[in-house]
Amino acid sequence: MATPYARPSTDTLVPGPRFVRPREGRVLGGVCIGLGEHLGVPVRVVRIVVVVLTVLGGSGAVAYAFLWALAPAESAGMVGVPAARAYAGAVPPARPVTEETTARDRSAALLVLGAFVAAAGGLLALQRSGVDVHAGTLVPLVAIVGGALLAWSQLGEAQRTRWVAGSVGDRRMGVARVVAGLLLSVVGIVVLVTRGRSLAALWDAGLATLAVLAGAALVATPWIVRMWGDLRAEQVAAARATERADIAAHLHDSVLQTLALIQRRADNPTAVAQLARAQERELRSWLYDAPSGEGDSLGASLTAVAHDVEDDNGVPVDLVVTGDRPMNGSGTALVRAFREAVLNAVRHGSPPVTAYAEIGPSGVEVYVRDHGPGFSLDDVPPDRLGVRESILGRMDRAGGSARIRRLDQGTEVALTLAPSEGAPS
Amino acid sequence: MTPHAPLRVVLVDDHRMFRTGVRTELAEVAPVGGLDIVGEAADVEAAVAVIRRVEPDVVLLDVHLPGGAGRGGVDVITGCAGVEALNGEPVRFLALSVSDAADDVIAVIRAGARGYVTKSISAVDLLTATRRVADGDAVFSPRLAGFVLDAFGAAAGEVAEVDEELDRLSAREREVMRLIARGYQYKEVAKELFISVKTVETHVSSVLRKLQLSSRHELTAWAMGRRLI
């Protein structure tokens with residue numbers, strides 16, 4: 001596809017580049033470039049034809065104006081139509097809707113243009129056959145139709161999306177165009193109604209105008225409602241596609257990788273259990289928005305420590321946290337002591353290792369419990385500083401306390417901080 | 001409760017592999033004639049049909065199930081309202097789930113489940129929990145106890161003035177919940193608080209009742225998350 005524009009017929013779905021007015025390289029409104037690309041004709045030829053037609057009777061200028069009103073300007077997302085098609089292949093559910101909408105927009109535009117030309121031709125034929133058609137009737141009619149075209153043609157798919165999601169400037173521009181088109185139509189209607197009457201009859205004309213406007217609104221309402229509905233449906237579909245892609249990406253990055261690892265290490269039950277446990281935790285936090293262990297709160301820090309120890313040692317640590325509060329100096333000491341306690345439980349005790357942290361206005365209490373043979377502080381030789389220093393001493397210095405209890409089965413370390421801790425005094 | 005009759009259990013889970021695993025594990029740890037898996041189901045409709053037909057003592061119920069009104073285990077419990085086991089006791093439900101999200105837990109408990117354990121529970125603990133539920137007691141995992149403490153504001157120090165108050169825990173119930181959250185077994189809780197295991201069970205059942213009936217904002221919000229109210 002080196003020259004996609006040269007052979008438009010190869011793609012059966014879209015029979016050529018969409019007729020848009022490119023932003024770059026335009027002389028006036030970008031109509032000639034767009035038309036050239038659309039028809040597969042060199043721009044220069046198009047320009048010469050338009051200029052010649054303009055000089056000979058002015059039809060070139062009229063055609064230029066119509067095409068300018070009809071063709072939407074190229075938006076950033078549309079630059080490079082081939083890229084958009086490649087994207088269409090990669091994500092089937094989202095794209096066909098857009099293509100369909102675009103095609104419908106364009107066919108409707110052609111239909112209106114055709115009707116307009118047919119009407120003009122019909123009028124000419126009537127005039128030829130002797131029926132008196134006032135030129136004064138024709139001009140307002142042209143204004144009405146032109147205004148409607150101007151407003152309507154700007155409601156392309158890209159524009160609609162931009163209105164809702166785009167910047168304020170874009171939206172203002174689009175609204176301005178529609179308003180201008182509507183004004184043109186209204187002026188045309190007023191001129192049509194008041195033509196050849198006195199100013200006194202303007203009241204009637206006003207009423208008639210109102211009636212016409214009301215009728216137009218009545219006719220347009222279902223269409224606007226449907227358009228809005230279409231837009232909402234498109235947005236929902238796009239959101240769903242994004243979500244699905246997000247889930248797929250996440251599963252690929254985490255679960256599939258872990259499953260591959262598990263298969264390779266199938267002969268090592270400890271490693272497999274460790275991998276499965278880590279993956280479960282990660283997936284759980286992603287699905288249920290559980291504390292991820294990241295953040296500045298005390299609960300999150302404790303969770304992070306429990307996860308770390310679990311990963312390093314392959315022993316599950318079940319931590320339950322109630323309440324939470326921001327981190328501070330004594331909190332840091334508590335978290336370090338907690339790490340030491342959990343490490344001890346994992347290394348010297350036996351599973352299950354459970355931990356409970358209660359963070360409330362009456363202080364912080366953290367319990368770490370294992371189900372091993374248990375130990376008492378008196379059995380620990382005085383030269384072993386692990387428990388004494390990193391748990392008891394550390395909690396003392398932080399203004400809290402630590403207590404080690406031997407249970408019937410296992411050991412429980414209790415760490416407490418007084419309530420005043422944490423409130424800056 | 002006659003201790004001689006085997007416990008009749010129905011297993012409801014949409015993963016066949018998991019059902020097989022639980023069946024095998026329970027068969028390994030349960031004494032011969034102690035526990036009988038009398039039925040299995042993979043979705044809400046099948047579960048309601050099986051439970052109504054075999055009238056088991058206990059249903060091990062997955063929280064997330066296809067079918068029904070889309071509420072999973074909650075639909076099974078409501079669909080089996082009034083069904084009695086062979087001994088005339090109501091059929092008891094023990095929720096068994098991979099999810100420990102608060103709204104799942106609270107929803108299934110409020111629908112009438114007697115307990116909630118995660119699927120990583122050991123076979124021995126699962127057997128104990130099943131027996132306990134069959135006896136009409138409640139089963140609280142440490143995590144569920146943590147939820148309860150959070151939901152009733154007990155962690156923040158709120159304590160009921162009278163035991164009957166539904167929106168807060170009594171001081172004793174709070175103590176029991178805290179010990180369960182710390183990983184204590186019921187008998188360890190009993191020893192710690194110098195009360196009997198039966199009293200511990202009474203407290204836990206009382207907390208379960210509060211959990212099911214309380215109109216505390218946190219609980220109703222969680223239950224509404226599962227369209228339960």
Side-chain angles (χ1 to χ4, degrees), chain A residues 273 276-277 279-281 283-291 299 302-303 306 310 316-325 341-342 345 349-372 374 405-415 419, chain B residues 21 63-64 97-107 116-126 140-159 169 171 174-192 218 222 225-226:
Chain A
R277 172 90 186 166
Q279 182 57 62
E280 179 200 337
R281 206 181 53 222
L283 200 57
R284 198 180 281 287
S285 78
W286 189 70
L287 282 175
Y288 304 118
D289 226 7
L302 291 171
T303 311
E310 191 174 293
V317 178
D318 280 319
L319 171 68
V320 175
V321 181
T322 61
D324 209 350
R325 74 167 204 203
V342 175
S350 49
V353 175
T354 52
Y356 172 61
E358 189 174 289
I359 307 165
S362 56
V364 182
E365 290 175 67
V366 178
Y367 300 89
V368 179
R369 196 216 155 145
D370 67 71
H371 288 76
R405 281 179 69 203
R406 189 175 195 161
L407 305 172
D408 285 347
Q409 197 192 9
T411 311
E412 186 177 64
V413 178
L415 313 169
Chain B
V63 171
H64 295 280
S97 173
V98 287
S99 156
D100 50 19
D103 45 0
D104 289 339
V105 179
I106 302 300
Y116 191 101
V117 291
T118 46
K119 283 182 175 175
S120 51
I121 189 173
S122 75
V124 177
D125 287 347
L126 180 60
F140 276 39
S141 65
R143 197 164 292 275
L144 179 52
F147 281 148
V148 169
L149 289 167
D150 253 344
F152 283 99
E158 287 185 45
V159 172
L169 301 182
R174 176 167 172 263
E175 279 311 306
V176 171
M177 283 298 120
R178 290 187 65 202
L179 286 168
I180 291 174
R182 280 157 66 176
Y184 281 52
Q185 304 290 321
Y186 283 20
K187 62 174 190 297
E188 290 172 319
V189 175
K191 189 174 176 229
E192 182 77 17
E218 292 90 339
W222 277 331
R226 296 280 287 167

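It should be emphasised that the depicted structure is a prediction, and the values quoted were computed from it without experimental measurement. Here is the naming used below: chain letters follow the sequence lines, and residue numbers restart at 1 for every chain.
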Checklist entry - Taking the side chain from B:Arg182 and the backbone from A:Thr354, do they hold a donor-acceptor pair closer than 3.5 Å? => result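 Between the backbone of A:Thr354 and the side chain of B:Arg182 there is no qualifying donor-acceptor contact (under 3.5 Å).
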Checklist entry - Can you tell me how far CD of A:Glu280 sits from NZ of B:Lys119, rounded to the nearest 0.5 angstrom? => result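 That separation rounds to 11.0 Å.
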Checklist entry - Do A:Arg369 and B:Tyr184 meet the cation-pi criteria used here (NZ or CZ under 6.0 Å from the six-membered ring centre, within 45° of the axis)? => result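 Positive - A:Arg369 is close enough to the ring of B:Tyr184 and near enough to its axis.
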Item to check | Toward chain B, the part of A:Val368 with a non-hydrogen atom under 4.5 Å | outcome: neither
Next on the checklist: Does any backbone or side-chain atom of A:Glu365 lie under 4.5 Å from a heavy atom of chain B? Answer side chain, backbone, both or neither.
Outcome noted: side chain
Item to check | Closest non-hydrogen atom pair between A:Val321 and B:Asp150, with its separation | outcome: O-OD2, 4.0 Å
Checklist entry - Between A:Leu319 and B:Arg143, what is the shortest heavy-atom contact and its length? => result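 Scanning both residues completely, I find the closest heavy atoms to be O-NH2, 3.2 Å.
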Next on the checklist: Does B:Lys191, at its NZ atom, have more than 12 non-hydrogen atoms belonging to other residues, nucleotides or ligands within less than 6.0 Å?
Outcome noted: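 Count not over threshold, so no.
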Item to check | Test side-chain contact (heavy atoms from CB on, under 4.5 Å) applied to B:Leu149 and A:Tyr356, step by step | outcome: CA-CA 12 Å; B:Leu149 289 167; A:Tyr356 172 61; 2.9 Å; yes
Next on the checklist: Before you tell me yes or no, could you show the steps for B:Arg174 and A:Glu358 under salt bridge (charged side-chain N to carboxylate O under 4.0 Å, His left out), namely the whole-Å CA-CA distance, both residues' side-chain angles and the distance that decides it to 0.1 Å?
Outcome noted: CA-CA 12 Å; B:Arg174 176 167 172 263; A:Glu358 189 174 289; 3.5 Å; yes
